[in-house]
Number of protein chains: 2
Amino acid sequence: MDRLPTIEDVARAAQVSRQTVSNVLNTPAIVKPETRKRVEVAIRKLAYRPHASARRLRMRKSSTIAIRLDPMTNGISGALLDRFLHALTEQADARGIRILLFTAADPAAEIEQIRKLRAGADVDAFVLTATFHGDPRTEWLVEHDVPFVTFGRPWGVNDMNNPKHLWVDVDGFAGMREATLHLIDAGSSRIGFVGWPSLSGTGDDRRRGWQAAVEERLFPGDGDLAALNLSVEDLLEDARDAVVALLESDERIDGLVCASDTLALGAMIAAASVGRSDLPIIGFDNSPVGQAIGLSSVDQALDEVARGALELLLGETGGDLVRRDAAAAGDTRHRLITPHLVIRQPLRLLAPDAVSIPTATKNAVGNHRNGKESQ
Amino acid sequence: MDRLPTIEDVARAAQVSRQTVSNVLNTPAIVKPETRKRVEVAIRKLAYRPHASARRLRMRKSSTIAIRLDPMTNGISGALLDRFLHALTEQADARGIRILLFTAADPAAEIEQIRKLRAGADVDAFVLTATFHGDPRTEWLVEHDVPFVTFGRPWGVNDMNNPKHLWVDVDGFAGMREATLHLIDAGSSRIGFVGWPSLSGTGDDRRRGWQAAVEERLFPGDGDLAALNLSVEDLLEDARDAVVALLESDERIDGLVCASDTLALGAMIAAASVGRSDLPIIGFDNSPVGQAIGLSSVDQALDEVARGALELLLGETGGDLVRRDAAAAGDTRHRLITPHLVIRQPLRLLAPDAVSIPTATKNAVGNHRNGKESQ
DNA sequence: CTGTTAGCGCATTCAG
DNA sequence: CTGAATGCGCTAACAG
């Protein structure tokens with residue numbers, strides 16, 4: 001295979017002009033069926049595919065979307081981007097769009113990368129993850145009229161229904177509320193929340209979900225929620241220590257919902273270490289680690305997030321990547337995905353009342369290999 | 001910004017012919033310094049960048065490497081590909097190479113994707129991960145003369161020093177041996193190995209590392225290694241159960257090395273549950289989860305793997321992506337990266353002799369936030 | 001050192 | 001419906 005076949009080679013093989021081949025490829029409807037067949041056979045025979053760069057040059061669009069690969073998201077929930085990427089790539093492929101990666105150490109570097117990628121006509125649009133309050137990236141992109149969508153809503157910046165840019169996000173409120181209601185339905189009556197310090201829009205959203213469920217079903221008036229409301233950094237150890245303190249100070253607690261699987265794992269360890277391995281705990285992210293350890297968790301439905309992102313960018317129809325004018329867009333310019341709860345049989349970290357697991361019970365403990373997943 | 005500036009715009013702005021601009025970009029040496037300066041100013045002023053597609057078309061190469069995003073690698077060590085991707089993207093960027101993603105459900109689908117990507121001149125070369133014995137992909141790629149490098153050596157297929165294709169791999173033998181020696185130096189004298197069932201080249205390689213260290217330093221003659229040699233699937237629960245059994249049947253065991261962090265985590269849980277939270281355990285992969293929990297582990301040095309892959313593909317010099325002829329290549333056609341051990345203070349899953357952690361010791365337990373990392 | 005000429009492979013005008 | 005032109009933006013040959 002010395003040289004890739006060109007459209008001309010196909011034309012010669014099919015005994016037509018090269019324009020006819022182009023038509024078969026791009027406007028098959030206007031070609032006489034029998035000629036089309038002949039051309040298609042030639043295409044298959046030569047294993048011809050249009051030269052991507054040539055086509056992109058001609059079409060004046062790259063049909064490529066770029067996304068930044070974070071240096072390292074937090075430990076346990078880190079694989080989140082990984083899974084989102086997979087979903088995005090898969091859906092993009094179906095639309096004839098390619099996903100290009102880039103890296104950057106900080107927002108300024110990311111803007112610079114975006115600038116380069118744009119100036120080189122390498123990329124048509126961008127997907128931004130891990131947006132935050134007052135994010136300089138979104139400002140710059142809007143300013144420079146670069147098509148993009150964020151995974152994460154623009155917290156507090158502007159009207160959610162008519163924001164300055166496209167966004168997709170997961171409804172943390174709904175997810176955490178569902179998790180909490182699940183525990184309540186299962187009999188819990190005093191449920192704590194382990195979340196991040198305020199000012200994290202995402203974290204506050206999830207906290208409100210817990211709060212809503214608890215106020216709705218457990219403390220119709222207004223309980224002492226503050227005592228059940230933990231705020232720690234997203235670290236296993238911090239969560240563990242805080243939960244140990246909580247459980248020691250309030251023995252009536254019979255359930256815990258957490259803003260992340262990292263926190264939930266810390267909580268599990270804490271519960272086990274104070275002899276409460278039976279304590280129901282629900283995390284958020286449905287991380288692989290959580291799966292491995294049988295942690296119930298709220299799944300972010302990354303497939304839907306990816307689909308939403310592409311729909312907003314490309315329109316629901318095809319892969320046209322023509323950004324619709326903000327003003328002209330009749331339908332919504334965002335998607336709020338409802339996550340769903342995944343319930344698992346927890347892998348007990350430790351038998352509740354023995355230092356050593358008696359041989360007799362070993363099998364019972366080890367029997368949760370295939371934790372059923374609901375919904 | 002209606003239309004991107006072209007080389008012609010720059011030429012006009014700098015009062016030179018457009019070829020001169022091209023020269024400044026590609027062969028700066030042959031342009032008179034003062035003219036060059038003038039052109040460079042114009043380039044900066046217009047924020048000009050060569051149109052990637054046009055350049056690729058002209059150069060007859062895409063300067064793009066594609067890599068498949070796995071559906072989902074195993075739970076805990078899953079982020080491995082994630083980190084490798086990051087390293088690869090970063091290094092590629094430095095060489096002016098872009099990384100494109102694609103997905104495929106199985107090897108056949110992957111081959112089909114590769115075929116398409118190649119036929120469309122979208123991609124110059126590929127990086128293959130998770131290769132296995134008798135992998136159809138490598139055969140096909142060699143057959144069709146597609147430039148590629150694998151992350152993973154061709155186990156048993158052909159001469160490692162003159163293989164049919166380029167490869168990079170991590171020296172599991174050396175890594176596991178170092179881990180084992182570390183435990184021995186720290187005083188362990190009876191060290192078990194938790195690995196995968198045989199037939200996994202990678203797993204066997206790691207097992208041999210443990211074996212070598214143990215035979216070398218602990219059982220010069222030949223001990224009853226079989227009793228210390230566990231084989232389980234890469235699942236937390238399986239590892240836990242097997243290690244519980246091992247520790248109960250042999251109380252002299254004072255160290256454990258594991259073929260993955262998943263296994264190591266299972267081992268940690270097992271150790272804690274039989275009152276041996278003090279048991280030194282070392283994993284493999286240096287996964288984020290392991291970090292979070294203070295697990296010592298063998299780090300795969302993915303930066304070096306990525307660099308090696310690109311060097312093999314592009315040559316050490318630049319980003320030329322001209323595959324050197326197999327026969328003509330004087331230097332090696334592979335890289336074997338030596339991993340390094342990362343030692344951490346383990347986060348105790350549980351106080352060794354108390355059901356509840358006394359308040360007084362809580363700080364001590366929680367104080368390992370920034371585990372020092374050696375080497 | 002600088003300017004001119006000729007494609008890379010494709011899609012999109014226009015004529016027939 | 002099909003065939004013959006034009007140029008997307010660039011670089012590599014040349015000639016000056």
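Computed from a prediction, not measured in an experiment: that's the story for all the values here. In what follows, chains are A, B, ... by sequence order, proteins preceding strands, each numbered from 1.
- Regarding A:R60, its CZ atom lies at a distance of 16 Å from the C1' atom of C:dG9, rounded to whole Å.
- Among the nucleotides D:dC10, C:dA11, C:dT4, the one closest to the side chain of A:N26 is C:dA11.
- Taking every side-chain heavy atom of B:R58 into account, C:dG7 is the closest of C:dG3, D:dC8, C:dG7.
- The nucleotide whose nearest atom lies closest to any side-chain atom of A:R18 is, among C:dC1, C:dC10, C:dG3, C:dC10.
- Of the two residues contacting DNA chain C, namely B:L57 and B:R36, the nearest-nucleotide position lying further toward the 5' end is that of B:R36.
- At least one side-chain heavy atom of B:T103 sits less than 4.5 Å from a side-chain heavy atom of A:H86.
- For A:R49 and C:dG9, the shortest distance from a side-chain N or O to OP1 or OP2 is not below 4.0 Å.
- For A:M59, the listed nucleotide lying nearest its side chain is C:dT12; candidates were D:dT11, D:dC10, C:dT12.
- The distance from atom CD1 of B:I7 to atom P of D:dG7 is 19 Å, rounded to the nearest whole Å.
- In this structure, B:S22 does not reach the D:dC10 phosphate: none of its side-chain N or O atoms is under 4.0 Å from OP1 or OP2.
- A:K37 and A:E34 are not joined by a salt bridge, as no carboxylate oxygen comes within less than 4.0 angstrom of a charged side-chain nitrogen.
- We find that CG of A:N23 is positioned 14 Å from P of C:dC10, with the value rounded to whole Å.
- With rounding to whole Å, A:L46 atom CG is found 14 Å from C:dG9 atom P.
- When distances run from any side-chain atom of B:R55 to the nucleotides D:dC1, C:dA11, D:dT11, the shortest one goes to D:dT11.
- Contacts of B:S53 with the nucleic acid, taken as non-hydrogen atoms under 4.0 Å apart, are absent.
- Side chain of B:Q19, nearest nucleotide from C:dC10, D:dA12, D:dG3: D:dA12.
- For the pair B:V305 and B:F151, the minimum side-chain heavy-atom distance is below 4.5 Å.
- Checked against D:dC1, C:dT2, D:dG9, the side chain of B:V31 finds its nearest nucleotide in C:dT2.
- Taking atom CG of residue B:L25 and atom P of nucleotide D:dT11, one finds them 6 Å apart after rounding to whole Å.
- With respect to B:D122 and A:R56, a salt bridge is recorded, a charged nitrogen being found less than 4.0 Å from a carboxylate O.
- For the pair A:E34 CD and D:dC1 P, the interatomic distance rounds to 10 Å; values are reported in whole Å.
- Note on B:S17: a side-chain N or O is less than 4.0 Å away from OP1 or OP2 of C:dG3.
- The nucleotide whose nearest atom lies closest to any side-chain atom of B:T20 is, among D:dC10, D:dT2, C:dT2, C:dT2.
- One atom, CG of B:L4, and another, P of D:dC10, lie 9 Å apart when rounded to the nearest Å.
- With no hydrogens or angles considered, a side-chain donor-acceptor pair links B:R55 and B:N26 at under 3.5 Å.
- Remark: C1' of D:dT2 and CZ of A:R12 are 18 Å apart, rounded to the nearest angstrom.
- Between A:W140 and A:I114 the shortest side-chain heavy-atom distance falls below 4.5 Å.
- Taking 4.0 angstrom as the limit, A:R56 places none of its side-chain polar atoms (N or O) nearer than this to OP1 or OP2 of C:dA11.
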